[in-house]
Amino acid sequence: MTQKVEYTAYGQIAVIKLNNPPVNALDHETRLNLQQAYHQALQDDAVKAIVLGSTGKLFCGGADIREFGTKIAWAAPSLPDLCNELEASSKPLIVAINGTAVGGGLEIALSCDYRVSTRDAKLGLPEVNIGLIPGAGGTQRLPRLANVKLSVEMITSGGPITATKAHEAGLVDQIAEDGLLEAAINFAHQVLKQEAPLRTCAEIDVETTGLPQGFFSEFRASIARKTRGFLAPEYCIQAVEAACELPLEKGLEKERELFNQCLESSEARAQQHLFFAERNATKVPDVDPATSPRTVNKVAIIGAGTMGGGIAMNFINAGIPVRLLELKEEALQKGLAVIRKNYEISAQKGRLSAEDVEQRMSLISGTLDYSDLADTDLVIEAAFESMEVKRAVFTQLDTYCKSGAILASNTSTLDIDQIASFTSRPRDVIGLHFFSPANVMRLLEIVRGAKTADDVVVTALNIAKKIRKTPVVVGVCFGFVGNRMLEPYAREAHRLVLEGANPAQIDGVLTDFGMAMGPLSMYDLAGIDIGYLVRESRRDAISHDPSYALIGDRLYALGRYGQKTGRGFYIYEGREKHEDPEVLELAKEIADELGIQQREISDQEILERCIYMLINEGADIVEEGIASRSSDCDIVWINGYGFPAWRGGPMQYADEIGPETVLKAIQHYRQSLGSYGDMWFQPSELLKNTVEKGQNFSLINK
Ligand SMILES: C/C=C/C(=O)SCCNC(=O)CCNC(=O)[C@H](O)C(C)(C)COP(=O)(O)OP(=O)(O)OC[C@H]1O[C@@H](n2cnc3c(N)ncnc32)[C@H](O)[C@@H]1OP(=O)(O)O
């Protein structure tokens, strides 16, 4: 037998083990080997029952996603055919599930007669996360073996369930407390001894009698907000509905039809791109992944404000003790109280128990004294965004922290190399840029300074995994990846107001595109004053577009700081937002001063100017090596800026519509917008080269 499947016969029992590291993905060769091993067991008269397990740390991660889009994905035996063949087995098939059985892996398991698992096993159908529905019978067999409610929840959420829950639901027949393989072999002997029946889903009808009327429409409504823009969740529901109405064979046909429609969709391409993008983002081209990370058992946070408190909560939630340092007792107590309040709110919502709250609070202590940080392994500074403040903090850290401690800054814009220069140990200095609210947002930009040591980068990636963040390693420049890309996107949104578009039109175009929030609403939420202060801190350093700066500055001067003052680009009454004619008058006034002729602006122009300039900046960032690959820009914008995941990120979107389309439009606006176009619509060299070579961004990913 070839390597991807192992075959051993133990008397009456044949044991077949998947052996395709790292996750036993069911690529063509593995499917073929599995089929061969299965045939061997069927043909051997001495074999009376078959156990199917794995050699690795998990049972199976499903179909090989890299094969999708290639013919080999469906080369015989296709996964659906293999599942059907296993289901029709003339000998009892018992699956031994260790670790994880997901996607096609679970679908294989559902096609067998009996399932034994370890206590820590997880079972799931995560296809929806890659823009698909389960396509090897999962949508038809799961509701036959478990109840409809659990099935539709599992299939539309993609989340796994525990072995205990699977056992309760009838998906797992026995949980092996130890020795999974022995337990599965014993189970097989029992099946033979008791002459237990072969079980095929074709003979099971889905139990629908207990389902409340309108179950599916209510379920649809309950996930509508969360799944807006995604195609697969709706198709998942339709497939389960089919399972309730049709016999297995017809249901499988319906599943295939829906699966194929998903497979060909841009959403599936986008989500599969993100699956690999997220994993690639943890790989730093010139850092050896075998580098040993430093030990991090104790963490300190400098600054007990909103950001510092949120960062602290990440570590507490992961069970890592935190010391919070402030300059004044009052600020420290206020910060600690906010953290407690946040946990108490979670407890009120039933997400934590009262004991959990106390346990978490026991992991945090406050101090006013830098000498208390002497035994800390990692310090994250989350103080005021000013180089002078950073200098004061890092000078102190250099004095008091032990050798080998990692000194990190949460700065969102400032130069990490300059911050590192305030210490005698720049190799230990790194940027850890969390996004607000820091205990909620998944993105973590890991900013690698010119002198940051490799093991510090590897430790930061390790820490990110522990605190469940999505990390992206970025280089040093103003705004790093995320905020630097924000600049041209926001510039266009502001400028378009001056040219005659109203804020609601601009925001509407971008939310219709799928952005979680329109850019001007976002500025109102983040604070017009914050944008003003950032500009003030570096008026001489960068060439902000004067018109963009002007409207922000005037709103600031009017005290219109956004939501917090009830007025910004909009007027706010509670949670309600209204357009404000005063803003349009202000825009007209500035336009007149700058000699801008206001005009009617099409939705298409708004979309192209904002999104294409975002893409263009991403291309520059990749060209300069600030991001290692274009998909890193996608990860940043999806996890930190509300870019729609079903579009796969700005760079994947460019690939989908064709980089040439983006380039042509940028060249068009360069011409049509006069001196403004000339100044800002400068196509990126990488974009031009990509188009010239007839490539796309994912191809040129380094
Ligand atoms: C009709 C057919 C339907 C289907 O079956 S569609 C596929 C459905 N399956 C999935 O969507 C599962 C995707 N995989 C996962 O959720 C996770 O992975 C696991 C839970 C299985 C394991 O998680 P962890 O142990 O954390 O490993 P890791 O870092 O996610 O992956 C290790 C390496 O394995 C590659 N990989 C994982 N699953 C697949 C797959 N299904 N097809 C191809 N490659 C896969 C990754 O990319 C990575 O690779 P690198 O180390 O090079 O970054």
Side-chain angles (χ1 to χ4, degrees), residues 4 18 20-31 34 54 56-70 72-84 86 97-111 120-142 154-162 232 235-236 239 252 255-264 268-269 271-285 289-290 461-462 464-466 468 470-471 628-629 631-632 635 701:
K4 293 200 168 184
L18 299 172
N20 184 25
V23 301
N24 288 329
L26 298 161
D27 58 18
H28 178 235
E29 206 181 328
T30 306
R31 298 194 305 272
L34 174 55
S54 132
K57 62 172 181 147
L58 49 78
F59 175 67
C60 179
D64 189 326
I65 303 167
R66 289 165 306 185
E67 280 187 354
F68 290 151
T70 69
I72 201 116
W74 308 109
S78 72
L79 194 51
D81 288 348
L82 189 56
C83 286
N84 293 341
L86 295 175
I97 301 173
N98 65 315
T100 302
V102 289
L106 180 58
E107 290 174 302
I108 292 256
L110 297 178
S111 308
D120 66 353
K122 296 233 162 71
L123 287 75
L125 291 171
E127 286 86 343
V128 73
N129 297 329
I130 51 168
L132 301 174
I133 69 167
T139 65
Q140 305 304 301
R141 292 192 177 97
L142 188 67
M154 279 177 72
I155 294 171
T156 55
S157 74
I161 58 169
T162 59
Y235 281 37
C236 288
L252 289 173
E255 179 191 84
R256 179 111 311 262
E257 187 191 306
L258 294 167
F259 178 88
N260 284 338
Q261 286 177 40
C262 285
L263 191 63
E264 278 159 27
R269 282 190 292 277
Q271 290 178 258
Q272 284 162 34
H273 161 78
L274 288 178
F275 176 84
F276 292 111
E278 221 172 85
R279 283 154 182 83
N280 285 339
T282 62
K283 295 168 189 149
V284 190
L461 284 163
N462 244 30
K465 195 166 182 183
K466 273 197 191 134
R468 302 164 73 107
T470 302
S628 303
R629 45 186 88 74
S631 61
D632 286 359
I635 294 295
N701 269 343

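Just so you know, ligand 1 is whichever comes first in the structure, and atom 1 is the first atom listed for that ligand. What you are looking at is a predicted structure, and each value in this text was computed from that prediction instead of being measured. Only this structure's heavy atoms are used, side chains among them; waters, hydrogens and symmetry mates stay out.
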Any protein heavy atom nearer than 4.0 Å to [atom]:
atom	answer
atom 52 (O) of ligand 1	yes
atom 35 (C) of ligand 1	no
atom 19 (C) of ligand 1	no
atom 49 (O) of ligand 1	no
atom 23 (O) of ligand 1	no

*Sequence neighbours excluded, which residues qualify as side-chain contact (heavy atoms from CB on, under 4.5 Å) partners of Leu58?*
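Partners of Leu58 by the side-chain contact (heavy atoms from CB on, under 4.5 Å) criterion, ordered by chain and then number, come out as Val23, Thr100.
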
Taking only heavy atoms of [X] into account, list the atoms of ligand 1 that are under 4.0 Å away from them.
X	result
Phe276	47 (O)
Phe68	6 (S)
Gly62	5 (O)
Gly103	5 (O), 8 (C)
Gly104	4 (C), 5 (O)
Pro22	33 (C), 34 (O)
Phe275	13 (C), 14 (N), 37 (C), 38 (N), 47 (O)
Lys283	50 (P), 52 (O), 53 (O)

Which residue and atom name correspond to the protein heavy atom nearest [atom], and how close is it?
atom	result
atom 9 (N) of ligand 1	Gly61 O, 3.0 Å
atom 42 (N) of ligand 1	Ile65 N, 2.9 Å
atom 43 (C) of ligand 1	Asp64 OD1, 3.3 Å
atom 3 (C) of ligand 1	Glu127 OE2, 3.6 Å

Considering both backbone and side-chain atoms of [X], is one of its nitrogen or oxygen atoms within less than 3.5 Å of a nitrogen or oxygen in ligand 1?
X	result
Pro126	no
Ala136	no
Arg279	yes
Lys465	no

*Taking all atoms of both residues into account, what is the closest heavy-atom pair of Arg141 and Leu110, and its distance?*
CD-O, 3.9 Å

*Taking the six-membered ring for Trp, are Trp74 and Phe68 parallel (under 30°), tilted (30 to 60°) or perpendicular (over 60°)?*
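It falls in the parallel class, under 30°.
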
Once you round to the nearest 0.5 Å, how far does [atom1] of [X] lie from [atom2] of [Y]?
X	Y	atom1	atom2	value
Asn280	Leu274	CG	CG	11.5 Å
Ser78	Leu26	OG	CG	11.5 Å
Gln261	Tyr235	CD	OH	4.0 Å
Leu79	Thr30	CG	OG1	11.0 Å
Leu106	Leu125	CG	CG	5.0 Å
Glu127	Ile65	CD	CD1	9.0 Å

Can you find a pair of side-chain heavy atoms, one from [X] and one from [Y], that are under 4.5 Å apart?
X	Y	answer
Cys60	Val102	no
Leu132	Leu263	yes
Asp27	Lys4	yes
Pro285	Arg629	yes
Phe59	Asn24	no

_With Arg66 via salt bridge (charged side-chain N to carboxylate O under 4.0 Å, His left out) - residues at least two apart_ = Asp64

*Test item, Lys57 contacting ligand 1 (heavy atom, 4.0 angstrom)*: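 Lys57: in contact with ligand 1 (<4.0 Å).
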
Location of contacts on [X] toward ligand 1, heavy atoms closer than 4.0 Å:
X	answer
Phe59	neither
Ala63	both
Val23	side chain

